[in-house]
Amino acid sequence: MNPTKRFSSGRILLFLFIILFLLIGRPTGFLICTYVKDKKLAKVEKTGYTNDASHLNETKVDSAVKAFEDIDKAIAQITQLVNLAKGQGKKISIAGAQHSMGGHTIYPDGIVLDMKGFRYMELDSTDEYLSVGSGALWSDIIPYLNKYDKSVAVMQSNNSFSVGGSISVNCHGWQPNSPPISSTVESFRLINADGKILNCSRTENTQLFSLVLGGYGLFGVILDVKLKVVSNKMYTAHQYVIKSGDYIKEYDRLINDANIGMVYGRININPGNFMQEAILSTFTIDSNATIEPLQEAAFTSIRRTVFRGSANNDYGKNLRWKAEKFGASQINGKKFSRNQLLNESVEVFQNRDSAYTDILHEYFIPKNRVGNFIDSLKKIMPAYKVDLLNITVRNVKKDEDTFLRYANEEVFGFVMLFNQAKTSEAEMQMKAATQRIIDAAISFKGTYYLPYRLHATKEQMNRSYPQAKEFFLLKKKYDPSEIFQNKFYQTYK
Ligand SMILES: Cc1cc2nc3c(=O)[nH]c(=O)nc-3n(C[C@H](O)[C@H](O)[C@H](O)COP(=O)(O)OP(=O)(O)OC[C@H]3O[C@@H](n4cnc5c(N)ncnc54)[C@H](O)[C@@H]3O)c2cc1C
């Protein structure tokens, strides 16, 4: 054979091999490595200590009390505990699933009241309201409601949270055109600082109603809640890859449809084209489709591996964005029940590396300033040594119910997830970045979300929440001995 020909066919083969390696070999090898390195989660609980989802708040406590499951027993237990704390000058911090990240469920040497055991639930005869113990998790509630073709009206994007924790931060989700969860709370029962049970609603104990919703456990123990529920429906998914600068224009165009049931957006964070693109996902109601039974979440291993591969790794971030855009084209037209969409736990994507932790931020930006905020983030983020993994965007309508509100008008929540080393240097970088982003949010008349790290200065807290001073004065009025305590209160009171 002609040696020149042999040489050139050898080069072609090598070239093809390199192309094949780049297209398939490298991503496959990378994902296999990520999968193998990904550890199983070993939950280490130190006796006499508590912590929260930040994994940065390990604190020695006096004791932990688990609420009873039985209603009468739980009432007697909690009342007794409050009276005991009052008599002995002890402090109580109240815990749901402890997914807050700033010690909101923790007080040094205090008593942790763990409400998770208190989780009865009952749908009323009109099928419109669910009465539920505040310790119940959405992962308990969704399968229960599913049996009655019902669903949660407003909740977070995952099912791992308790009802008490959710209404105490006044959570929101990806239900568009909806205020936060407080708008779905008909009433609740509270055990106050005198150990008395109070009914709170829009007509009874109205001030306490608005203080306790979004009140971070500072006014008493929420015993049980009457929540509005909605019908479970089938939705058809559509995903659109758009320019991030067009987010609001596209959002308005796409959700101008009475059949839209859920919407969320995701902005790209890969360094290749940082924050230039977004994927907008809409879910339209299909009234003719038969409701499918609840199933285990699908493809969790591969989704987790692609996601975790993007931590501390630019190649992984670029690969993930490509995979997400490919996924967007594949998901179009697929059908999911509302309950299926809501029933995913945070554990699917959770950090399992003991040297690192996942930290969330959220900023609420008025609709007409969303573009400005995106432009600011493009400039701010590269200035800090922080590992941004994800930005999702959700719509929240004006909150008419709570005292310490974050949605003073229609806003868009920017949920930012970071991978953070458990070192003081990483904590300092994160604190500096958080304060800078909060300043940007404030400059656009926005706010930041309170359940996360306590990095905001007091001045930023007061500028974001002008009602904060009065909120803390009212806390002292309703709880003069300051029995209900946590690190959030200690920092900002
Ligand atoms: C991975 C992840 C995803 C998230 N996604 C979203 C989201 O999509 N939307 C959103 O809005 N938020 C989101 N959050 C924030 C989340 O909603 C809050 O952290 C919420 O408080 C979690 O509920 P929990 O049961 O863990 O509450 P906890 O952390 O246990 O408690 C939060 C606060 O509620 C108080 N509390 C709890 N139970 C009671 C009770 N029975 N009586 C009185 N006070 C009580 C506590 O004292 C504390 O101050 C997310 C958080 C994480 C970690």
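Hydrogens, waters and symmetry mates are skipped; everything else that's a heavy atom, side chains included, is used. Counting begins at 1 with the first residue of the sequence. In listed order, ligands and their atoms are each counted from 1.
Using a cutoff of 4.0 Å between basic side-chain nitrogens and carboxylate oxygens, R394 and E362 are not scored as salt-bridged.
For the ligand labelled ligand 1, residue E362 lies outside the 4.0 Å heavy-atom shell. Using a 4.0 angstrom heavy-atom cutoff, Q350 does not count as in contact with ligand 1. At least one heavy atom of Y449 sits under 4.0 Å from some atom of ligand 1. At least one heavy atom of G220 sits closer than 4.0 Å to an atom of ligand 1.
Where the criterion is an N or O separation shorter than 3.5 Å, residue side chain and backbone included, C171 fails it with respect to ligand 1. Polar contact check, V221 against ligand 1: no nitrogen or oxygen pair lies under 3.5 Å apart.
Scanning the protein heavy atoms around atom 18 (C) of ligand 1, the nearest turns out to be V169 CG2, 3.9 Å. For atom 36 (N) of ligand 1, the closest heavy atom belonging to the protein is S168 OG, 3.5 Å. Regarding atom 25 (O) of ligand 1, its nearest protein heavy-atom neighbour is S162 OG, 2.6 Å. Ranking the protein heavy atoms by distance from atom 16 (C) of ligand 1 puts Q156 NE2, 3.9 Å first. Counting only heavy atoms of the protein, atom 32 (C) of ligand 1 lies nearest to S100 OG, 3.8 Å. Summary of contacts: the protein heavy atom closest to atom 53 (C) of ligand 1 is H99 O, 3.5 Å. Considering only non-hydrogen protein atoms, atom 31 (O) of ligand 1 sits nearest to T105 CG2, 3.4 Å. When only non-hydrogen protein atoms are considered, atom 39 (C) of ligand 1 lies nearest to I94 CG2, 3.5 Å.
Contacts of S134 with ligand 1, taken as heavy-atom pairs under 4.0 Å, involve the side chain alone. In L360, the part holding a heavy atom less than 4.0 Å from any atom of ligand 1 is the side chain. If you look at W174 next to ligand 1, there are no close heavy atoms at all, none under 4.0 Å. Contacts between Y452 and ligand 1, counted as non-hydrogen atom pairs separated by less than 4.0 Å, involve the side chain only. Contacts between V346 and ligand 1, counted as non-hydrogen atom pairs separated by less than 4.0 Å, involve the side chain only.
Using a 30° and 60° split on the angle between ring planes, F364 and Y406 fall in the parallel class, below 30°. Using the six-membered ring where Trp is involved, Y465 and Y448 have ring planes that are perpendicular, over 60° apart on the 30 and 60° scheme. Classification of the Y251-Y247 ring pair by plane angle, with boundaries at 30° and 60°, yields parallel. The aromatic rings of F209 and F188 lie parallel to each other, their planes meeting at an angle below 30°, with 60° marking the opposite boundary. Between F161 and H99, the two ring planes are perpendicular [angle over 60°; tilted spans 30° to 60°]. Classified by interplanar angle (parallel below 30°, tilted 30° to 60°, perpendicular above 60°), the ring pair Y216/H104 is tilted.
Counting heavy atoms from C-beta on, the side chains of R308 and N419 come closer than 4.5 Å. For the pair V348/F307, no side-chain contact is recorded, criterion being any heavy-atom separation below 4.5 Å from C-beta on.
Closest approach of I260 to I255, counting heavy atoms only: CG1-CA, 3.9 Å.
Of all the atoms in ligand 1, the ones that sit under 4.0 Å from a non-hydrogen atom of M101 are 53 (C). Contact atoms of ligand 1 toward R394: 7 (C), 8 (O), 9 (N) (distance under 4.0 Å to a heavy atom of the residue). When each atom of ligand 1 is checked for a heavy atom of H104 under 4.0 Å away, the hits are 46 (C), 47 (O), 48 (C), 49 (O). Under a 4.0 Å criterion applied to the non-hydrogen atoms of M115, ligand 1 contributes the atoms 41 (N).
Proximity of the aromatic rings of Y144 and Y120 is defined here by a centroid distance below 6.0 angstrom, and this criterion is not met.
With respect to F471, the ring pair (Phe, Tyr, Trp, His ring centres under 6.0 Å) criterion is satisfied by exactly one of Y492, Y489, F219, Y478: F219. With E482 as reference, K493 is the one residue of K475, K90, K91, K493 to meet the salt bridge (Lys or Arg N to Asp or Glu O under 4.0 Å) rule.
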Show me, pair by pair, the donor-acceptor contacts under 3.5 angstrom made by side chains of residues 65-75, not counting sequence neighbours?
unit_1, atom_1, unit_2, atom_2, d
D70, OD2, D72, N, 3.2
D70, OD2, K73, N, 2.9

